[in-house]
Amino acid sequence: MKATLTISSKNYSSWSLRGWLLCRMAGLEFEEVLLSSDDPSTRAELLLLSPSFLVPRLTHGEVSVWDTLAIAAYLGELFPAAQLLPDDKVQRSHCRSISGEMHSGFTNLRSALPMNLKAHYPGFKVWAGAQADIERVASIWRDCFTAYDGPWLFGARPTVADAMYAPVCTRFLTYDVKLDPACAAYCQTVMNWAVMQEWVTAAKAEPDDLDELDVEF
């Protein structure tokens, strides 16, 4: 069946990145459909002015799936050998829980540190609301490293959880967030991931910038 993944800016859209990583991790062959940043609804999504109903959207034959966790569940059913979730049921429930927490929470982090792969802000001032989110993310990561020994959140291979937290790694680097050694090493593991490097290269080659985001910082 023909598969297409509708995404928006690779530089700014964290949800697009999550969906794209999941498709690559599953081994799905798909065509990218890139929404124009000039479209008002696309800009609203990227500027966090509206929910992300547009992207990512996976169309596979007659199936249309949007929402990142729904895409993860669909791909997990379709490609069980990809092991998007851990085999062990305890680990699997843990993976689903922290993925769901990222999916529904961390609003201060999202708004204060929007994804922007082209930018770097040394010495960026992180305010209290976002700092609490950063500390919670670091706590989640450390719990995983203690339980499963890394280098990924659930051990030797990336899972849905790593796809969900990958955009956070980019934010921490963009805004010069200070991390403990274990969390900093995890960010580097994610950024050195071949599929992440592919995405980042494409993001930096995008011709269009969103002045509303860049001017603010």
Side-chain angles (χ1 to χ4, degrees), residues 1-87 92-93 95-107 110-111 114-115 117 153-154 157-168 170-171 190 193-196 198-203 205-208 210 213:
M1 292 186 292
K2 180 181 179 181
T4 60
L5 183 71
T6 302
I7 59 175
S8 57
S9 167
K10 288 189 172 181
N11 188 49
Y12 299 107
S13 180
S14 59
W15 292 112
S16 293
L17 170 56
R18 293 180 175 106
W20 187 88
L21 286 174
L22 289 166
C23 289
R24 292 297 301 272
M25 291 164 66
L28 177 68
E29 294 185 8
F30 63 94
E31 176 185 351
E32 292 179 19
V33 176
L34 184 65
L35 297 179
S36 171
S37 61
D38 292 332
D39 180 87
S41 57
T42 303
R43 294 179 75 84
E45 178 260 321
L46 293 173
L47 293 167
L48 307 179
L49 299 176
S50 71
S52 180
F53 295 128
L54 300 177
V55 297
R57 180 182 294 268
L58 175 62
T59 304
H60 189 215
E62 297 181 351
V63 175
S64 183
V65 193
W66 62 100
D67 182 276
T68 311
L69 289 184
I71 291 173
Y74 176 73
L75 293 171
E77 293 173 0
L78 202 62
F79 299 100
Q83 296 180 293
L84 296 181
L85 291 169
D87 291 331
R92 196 160 57 246
S93 64
C95 183
R96 287 188 173 120
S97 294
I98 67 170
S99 297
E101 186 173 349
M102 172 50 64
H103 185 269
S104 60
F106 301 106
T107 54
R110 297 183 204 283
S111 59
M115 185 165 123
L117 292 170
L153 292 178
F154 287 84
R157 58 181 297 139
T159 64
V160 169
D162 298 289
M164 293 299 294
Y165 284 87
V168 177
T170 75
R171 287 176 161 101
V190 170
W193 193 7
V195 286
M196 274 296 292
E198 181 183 345
W199 177 278
V200 170
T201 298
E206 281 187 353
D208 298 327
L210 286 178
L213 279 179

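What's counted below: heavy atoms across the whole structure, side chains too, no hydrogens, waters or symmetry copies.
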* Test side-chain hydrogen bond (donor to acceptor under 3.5 Å, both in side chains) applied to Gln83 - qualifying residues, sequence neighbours left out -> Asp87, Arg157
* Structure fact -> With sequence neighbours left out, the residues meeting salt bridge (Lys or Arg N to Asp or Glu O under 4.0 Å) with Arg96 are none
* Residues in salt bridge (Lys or Arg N to Asp or Glu O under 4.0 Å) contact with Glu29, at least two apart in sequence or another chain -> none
* Side-chain donor/acceptor of Arg18 to backbone N/O of Met164, under 3.5 Å -> yes
* Asked: If every non-hydrogen atom of Ala161 is compared with every non-hydrogen atom of Ser99, which pair is closest and at what distance?
  -> CA-OG, 3.4 Å
* Cys95 and side chain to side chain contact (heavy atoms under 4.5 Å, CB included): which partner among Thr159, Leu84, Leu153, Asp162? -> Thr159
* Check: Arg92 side chain, Pro86 main-chain N or O, donor-acceptor pair, under 3.5 Å -> yes
* **Derivation and outcome, side chain to side chain contact (heavy atoms under 4.5 Å, CB included), residues Trp20 and Val195** => CA-CA 9 Å; Trp20 187 88; Val195 286; 4.1 Å; yes
* Exercise: identify the closest heavy-atom pair between Arg110 and Trp15 -> NH1-CZ2, 3.5 Å
* To do: Go through the structure and list residues passing side-chain hydrogen bond (donor to acceptor under 3.5 Å, both in side chains) with Ser64, not counting sequence neighbours.
  => Arg57
* Partner of Leu58 under side chain to side chain contact (heavy atoms under 4.5 Å, CB included), chosen from Val63, Thr4, Leu75, Asp67 -> Leu75
* Structure fact -> dist Ser9:OG -> Leu34:CG (nearest 0.5 Å) comes out at 7.5 Å
* Structure fact -> Heavy-atom closest pair (Ala163 atom, Pro167 atom, distance to 0.1 Å) is O-CD, 3.5 Å
* Counting N and O atoms only, with roles assigned by atom type, does the side chain of Tyr12 sit under 3.5 Å from a partner on the main chain of Leu117, one being a donor and the other an acceptor? -> no
* **Beyond-backbone contact of Ser13 with Met115, side-chain heavy atoms, under 4.5 angstrom** => no
* **Pairs meeting criterion salt bridge (charged side-chain N to carboxylate O under 4.0 Å, His left out) with involvement of residues 2-14, two or more places apart** => Lys2-Glu31, Lys10-Glu32
* To do: Apply side-chain hydrogen bond (donor to acceptor under 3.5 Å, both in side chains) to Tyr74 and list each qualifying residue two or more places apart in sequence or on a separate chain.
  => His60
* **Test log, rule side chain to side chain contact (heavy atoms under 4.5 Å, CB included), inputs Val33 and Ile7** => CA-CA 6 Å; Val33 176; Ile7 59 175; over 6 Å; no
* Asked: Are Trp199 and Arg24 side-chain neighbours, meaning at least one heavy-atom pair lies under 4.5 Å?
  -> no
* Considering only heavy atoms from C-beta outward, does the side chain of Leu28 approach that of Phe79 to under 4.5 Å? -> yes
* Asked: Which pair of non-hydrogen atoms, one from Leu5 and one from Pro56, has the smallest distance, and what is that distance?
  -> CD1-CB, 4.1 Å
* **side chain to side chain contact (heavy atoms under 4.5 Å, CB included) between Ile98 and Phe154, intermediate numbers included** => CA-CA 11 Å; Ile98 67 170; Phe154 287 84; 3.6 Å; yes
